[in-house]
Visitor: 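The following block contains the structure, expressed as C-alpha cells.
One is the number of the first residue; the rest follow in order along the sequence. As the structure is a computational prediction, the values presented were derived from the model and not from experiment.
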Amino acid sequence: MTNSINCPVPSDQIPIKEYEKLSQSFFFRWPIVSEKYFYKNLFICWIILLPFITIIFSGSDILILNPFKLILVSLTWSLIIPIFLVARHLLSWNYIYKRLRSENIEYEESGWYDGQIWEKSIEMRQKDLLTAQHELKPIITLIQKTLFKSVSIFTLGFILSELIPINSIN
C-alpha cells in the first residue's frame with residue numbers, strides 16, 4: 001500500500017492499529033475469545049465481590065434481621081462492578097468502531113492539542129470498514145446485550161428488594 005507510506009498519522013493512532021492493540025489487551029479481549037469466556041469472567045468478578053458486599057450490608061440493623069432481603073440486596077448490589085466493567089468495554093469498543101468507520105482520522109502529532117485530520121485512502125477505508133463490520137460489530141452487539149441484561153437484573157433485584165417488607169425492630 002503506497003498510501004500508507006504517505007500517511008502522516010502516527011502509527012499508534014491509526015484505527016486498525018488501535019484495534020489490534022485493544023484486542024490483545026487481557027481485559028478487552030474477553031469478548032473476543034468467546035461469549036462464554038466473557039460471561040465467565042464477569043461471573044467471577046461478581047462472585048468475588050459478593051462476600052464483600054454481603055459483609056458491608058450485614059452492618060445494617062434492618063437487613064441483618066431479614067436474611068432473605070440481605071441476600072437479595074447483596075446479590076443485586078454486587079452486580080455494580082460487573083456492570084461498570086461491561087460499560088467500560090462498550091465505551092472502548094465503540095470508540096474504535098467509530099474510528100474504523102470514519103472517512104477521516106483525527107490525530108495529534110505531538111500530544112499538545114495540535115489536532116490534525118487526515119482523509120483515509122480508499123484501501124484503508126475498505127479494510128477498516130470490513131474490520132468494523134465483521135469483527136467489531138458482533139463484539140459490540142454482545143456487549144450491548146450483556147449490559148442490557150445486567151442492568152435489567154440489577155433493576156429487578158432493586159425493585160424486589162424494595163417490595164420486601166422491613167421487619168420492625170423491637
Visitor: Does CZ in Phe28 sit with more than 12 non-hydrogen atoms of other residues, nucleotides or ligands closer than 6.0 Å?
Guide: yes

Visitor: Apply the test side chain to side chain contact (heavy atoms under 4.5 Å, CB included) to residues Leu50 and Ser74: give CA-CA distance (whole Å), side-chain angles for both, the deciding distance (0.1 Å), then the verdict.
Guide: CA-CA 6 Å; Leu50 185 59; Ser74 297; 4.1 Å; yes

Visitor: Say whether Val86 and Tyr37 are linked into one hydrophobic cluster, either directly or through other cluster members, by side-chain heavy-atom distances under 4.5 angstrom.
Guide: yes

Visitor: Under the side chain to side chain contact (heavy atoms under 4.5 Å, CB included) rule, what do Ser161 and Thr76 come out as? Steps first, then yes or no, please.
Guide: CA-CA 9 Å; Ser161 68; Thr76 301; 5.5 Å; no

Visitor: Establish, from distance only, whether the side-chain atoms of Arg88 and Ser92 form a donor-acceptor pair under 3.5 Å.
Guide: yes

Visitor: Could you report the tightest heavy-atom contact between Ile143 and Phe38, atom names first, then the distance?
Guide: CG1-CZ, 4.2 Å

Visitor: Test side chain to side chain contact (heavy atoms under 4.5 Å, CB included) on Ile105 and Ile117 and set out the steps.
Guide: CA-CA 6 Å; Ile105 299 175; Ile117 296 176; over 6 Å; no

Visitor: Determine, step by step, whether Leu79 and Trp77 satisfy the side chain to side chain contact (heavy atoms under 4.5 Å, CB included) criterion, reporting the C-alpha distance in whole Å, the side-chain angles of both residues, the deciding distance to 0.1 Å, and the verdict.
Guide: CA-CA 5 Å; Leu79 280 172; Trp77 280 97; over 6 Å; no

Visitor: Testing the 3.5 Å rule here: is there a donor-acceptor pair between the side chains of Tyr19 and Thr131?
Guide: no

Visitor: Would you confirm whether Ser102, through its side chain, and Arg99, through its main-chain N or O, come within 3.5 Å as a donor-acceptor pair?
Guide: no

Visitor: On a heavy-atom basis, which atom in His89 and which in Pro31 lie closest, and how many Å separate them?
Guide: CE1-CD, 3.5 Å

Visitor: Trp46: which residues meet the side-chain hydrogen bond (donor to acceptor under 3.5 Å, both in side chains) condition with it, sequence neighbours left out?
Guide: Ser78

Visitor: Checking Lys98 now: which residues fulfil side-chain contact (heavy atoms from CB on, under 4.5 Å) with it, not counting sequence neighbours?
Guide: none

Visitor: Identify whether the distance between the nearest side-chain nitrogen and carboxylate oxygen of Lys120 and Asp128 falls below 4.0 Å.
Guide: yes

Visitor: Which pair of non-hydrogen atoms, one from Tyr107 and one from Pro10, has the smallest distance, and what is that distance?
Guide: CD1-CD, 3.5 Å

Visitor: Would you list the pairs meeting side-chain hydrogen bond (donor to acceptor under 3.5 Å, both in side chains) in which at least one residue belongs to residues 21-32, sequence neighbours left out?
Guide: none

Visitor: Backbone N or O of Glu108 within a donor-acceptor pair of the Gln13 side chain at under 3.5 Å?
Guide: yes

Visitor: Looking only at non-hydrogen atoms, find the nearest pair between Ile164 and Lys69 and report the distance.
Guide: O-NZ, 3.4 Å

